[in-house]
Asks: 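The structure is given below, and queries will be raised subsequently.
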Amino acid sequence: LRSWSDLTVEGIYEWDAWLRKLTATNQTKKGEKPALIGDATIHNYHKDFKAILNRAIEVGVLQQSPYERLRGKFTRPEDDNYEYLTDEQIELILNTHPVPGTQMESVRDLFIFQMFTGLSYADAQTFDIKNYHKEGDAWVANGKRIKTGVPYVSQLLPPVIDVLERHEWQLPQIPNQKYNMQLKTFGNAIGIEGLHSHLARHTFATYMLSKGVKVQNVMRMMGHKKIEQTLKYAKVLGKDVHEDFDKVAKELKKRG
């Protein structure tokens with residue numbers, strides 16, 4: 001796409017094909033073959049380009065966007081294979097204690113905060129205890145997600161209280177890129193590969209569901225717009241559901 005005349009349906013398809021041949025060389029380790037960029041990244045390219053074209057229409061540079069004829073195309077791919085940490089991995093993180101006052105301790109503690117609140121990196125970085133109030137022994141709050149503006153309900157669980165007390169009730173502030181890089185280092189050191197900030201949010205959802213919390217309540221905790229978003233986490237726990245069915249089946253067989 002080099003000129004306004006290239007802005008046709010055919011031109012968009014050609015650009016999409018070109019994108020799918022790109023490789024994420026900056027994410028490749030030495031000696032490894034570069035991987036193709038993912039569908040989610042390509043979706044974001046289309047999303048940003050559509051926004052540019054819409055702006056061009058607003059200022060009169062362009063009359064119509066070719067994306068108008070491509071409704072339903074180039075949408076974000078559905079990902080039902082959410083990664084999450086097991087109970088054993090959660091315990092491993094909780095029982096690992098880096099040297100106090102080090103950056104690695106801050107990284108671990110920020111991850112624990114996310115893992116037991118379900119807050120995204122952006123929402124966690126704006127945490128302020130003043131937004132919470134006491135109800136009995138519990139610290140609770142109602143907030144809105146920065147990314148979507150959707151309301152959520154939050155309560156500070158014991159592991160989170162431990163983190164906040166250790167940092168004098170002020171959560172560590174770490175740039176996102178640095179945070180994720182150091183999370184990988186921390187994870188590799190304790191035998192958990194591929195730690196990243198959003199994994200904490202996934203883990204919170206699956207952890208709560210596996211402990212019997214109602215889907216509707218997890219939806220409110222996560223600040224999801226639609227319950228279908230939360231149900232995807234329930235889907236990845238299908239194995240646990242089948243195990244529960246097996247337990248019930250065994251009990252019923254005993255009656256027979």
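Start at 1 with the first residue, then count along the sequence.
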Asks: Spell out, yes or no, whether Val218 and Ile90 are grouped together once hydrophobic residues are joined by side-chain heavy atoms under 4.5 Å, including indirect joins.
Replies: yes
Asks: Using atom types as modelled and distance alone, determine if a side-chain donor or acceptor of Gln125 lies under 3.5 Å from a backbone N or O of Ala122.
Replies: no
Asks: Is there a donor-acceptor pair closer than 3.5 Å between any side-chain N or O of Arg108 and the backbone N or O of Thr96?
Replies: yes
Asks: Do other residues, nucleotides or ligands put more than 12 heavy atoms under 6.0 Å from the CZ atom of Arg220?
Replies: no
Asks: Just wondering, more than 12 heavy atoms not from Lys184 lying within 6.0 Å of its NZ?
Replies: no
Asks: Please identify each residue that fulfils side chain to side chain contact (heavy atoms under 4.5 Å, CB included) with Met104, with sequence neighbours left out.
Replies: Pro98, Thr102, Thr185, Phe186
Asks: Give a yes or no on whether Val99 and Val107 share a hydrophobic cluster (residues Ile, Leu, Val, Met, Phe, Trp, Tyr; joining criterion: side-chain heavy atoms under 4.5 Å apart).
Replies: no
Asks: To the nearest 0.5 angstrom, please state how far the OG1 atom of Thr86 sits from the CD atom of Glu88.
Replies: 4.5 Å
Asks: Is it the case that more than 12 heavy atoms not belonging to Glu165 sit under 6.0 Å from its CD atom?
Replies: yes
Asks: Do Asn217 and Val153 touch side chain to side chain, with heavy atoms closer than 4.5 Å?
Replies: no
Asks: Looking only at non-hydrogen atoms, find the nearest pair between Gln114 and Phe204 and report the distance.
Replies: O-CB, 4.3 Å
Asks: Are there more than 12 heavy atoms of other residues, nucleotides or ligands under 6.0 Å from atom NZ of Lys134?
Replies: yes
Asks: Do Leu157 and Leu164 sit in one hydrophobic cluster, given that two such residues count as connected whenever their side-chain heavy atoms are within less than 4.5 Å of each other, even indirectly?
Replies: yes
Asks: Do Leu110 and Ile129 sit in one hydrophobic cluster, given that two such residues count as connected whenever their side-chain heavy atoms are within less than 4.5 Å of each other, even indirectly?
Replies: yes
Asks: I'd like to know if the side chain of Gln64 reaches the main chain of Ile57, judged simply by a donor and an acceptor atom lying under 3.5 Å from each other, with no hydrogens or angles considered.
Replies: no
Asks: Hydrophobic clustering (ILVMFWY, side-chain heavy atoms < 4.5 Å, transitive) - are Ile161 and Phe116 grouped together?
Replies: yes
Asks: Please report the closest heavy-atom contact between Leu209 and Ala234, naming both atoms and the distance.
Replies: CD1-N, 3.6 Å
Asks: Rounded at 0.5 Å granularity, tell me how far NZ in Lys21 sits from CG in Asp16.
Replies: 11.0 Å
Asks: Would you check if Ile192 and Leu195 make a side-chain contact, meaning some heavy-atom pair closer than 4.5 Å?
Replies: yes
Asks: Measuring from Thr206:OG1 to Lys211:NZ, what's the distance to the nearest 0.5 Å?
Replies: 10.0 Å
Asks: Do Arg166 and Glu105 meet the salt-bridge criterion of a basic N to acidic O distance under 4.0 Å?
Replies: yes
Asks: Tell me whether Glu58 is salt-bridged to Arg55, with the criterion being a basic N under 4.0 Å from an acidic carboxylate O.
Replies: yes
Asks: Within a 6.0 Å radius of atom CD on Gln170, are there more than 12 heavy atoms belonging to other residues, nucleotides or ligands?
Replies: no
Asks: Hey, is the main chain of Glu91 close enough, under 3.5 Å, to the side chain of Asn95 for a donor-acceptor pair?
Replies: yes
Asks: Run the side-chain contact (heavy atoms from CB on, under 4.5 Å) check on Tyr67 and Asn54 step by step: do they pass?
Replies: CA-CA 10 Å; Tyr67 282 104; Asn54 288 337; over 6 Å; no
Asks: Mark yes or no for whether Arg69, through its side chain, and Thr8, through its backbone, hold a donor-acceptor pair below 3.5 Å.
Replies: no
Asks: Please check if any side-chain donor atom of His196 sits under 3.5 Å from a side-chain acceptor atom of Tyr179, or the reverse.
Replies: no
Asks: Ignoring hydrogens, what is the shortest heavy-atom contact between Lys225 and Met219? Give both atom names and the distance.
Replies: O-CE, 3.6 Å
Asks: Test of understanding: with side chain to side chain donor-acceptor pair (under 3.5 Å), list the residues that count as partners of His167, not counting sequence neighbours.
Replies: Asp109
Asks: Taking the ring of His198 and the ring of Tyr121, is the distance between their centroids below 6.0 Å?
Replies: no
Asks: Begin from the C-alpha positions of Tyr152 and His224 and carry the test side-chain hydrogen bond (donor to acceptor under 3.5 Å, both in side chains) through to its verdict.
Replies: CA-CA 8 Å; Tyr152 66 84; His224 284 157; over 6 Å; no
Asks: Work out which heavy atom in Gly149 is nearest to a heavy atom in Lys144; give both atom names and the distance.
Replies: O-CD, 3.6 Å
Asks: Sequence neighbours excluded, which residues qualify as salt bridge (charged side-chain N to carboxylate O under 4.0 Å, His left out) partners of Asp162?
Replies: none
Asks: I need the minimum non-hydrogen distance between Ser197 and Leu183, along with the two atoms involved.
Replies: N-CD1, 3.6 Å
Asks: Could you check Lys178 against Gln103 for side-chain contact (heavy atoms from CB on, under 4.5 Å), going step by step and ending with a plain yes or no?
Replies: CA-CA 10 Å; Lys178 184 177 182 181; Gln103 185 73 14; 4.1 Å; yes
Asks: For a ring-ring contact (aromatic ring centres under 6.0 Å, His included) with His202, tell me which candidate from Tyr207, Tyr84, Tyr233 qualifies.
Replies: Tyr233
Asks: Could you go step by step and tell me if Ile42 and His46 meet the side-chain contact (heavy atoms from CB on, under 4.5 Å) rule?
Replies: CA-CA 6 Å; Ile42 292 172; His46 281 288; 3.8 Å; yes
Asks: Can you give me the closest heavy-atom contact between Arg145 and Gly223, atom names plus distance?
Replies: CD-O, 3.6 Å
Asks: Could you walk me through whether Tyr132 and Ser154 satisfy the side-chain hydrogen bond (donor to acceptor under 3.5 Å, both in side chains) test, starting with their C-alpha distance in whole Å, then the side-chain angles of each, then the deciding distance to 0.1 Å, before giving a yes or no?
Replies: CA-CA 9 Å; Tyr132 285 72; Ser154 179; 2.7 Å; yes
Asks: Just do the side-chain contact (heavy atoms from CB on, under 4.5 Å) check on Glu193 and Asn188 with the steps written out, would you?
Replies: CA-CA 5 Å; Glu193 295 184 0; Asn188 290 338; 3.8 Å; yes
Asks: So, taking the atom named CG in Asn176 and the one named CE in Met181, what distance separates them when rounded to the nearest 0.5 Å?
Replies: 12.0 Å
Asks: So how far is it from His133 NE2 to Asn142 CG, rounded to the nearest 0.5 Å?
Replies: 7.0 Å
Asks: Hey, what do you get for OG1 (Thr126) to CG (Leu171), rounding to the nearest 0.5 Å?
Replies: 9.5 Å
Asks: May I ask you to test the Leu85-Ile93 pair for a side-chain heavy-atom distance under 4.5 Å?
Replies: yes
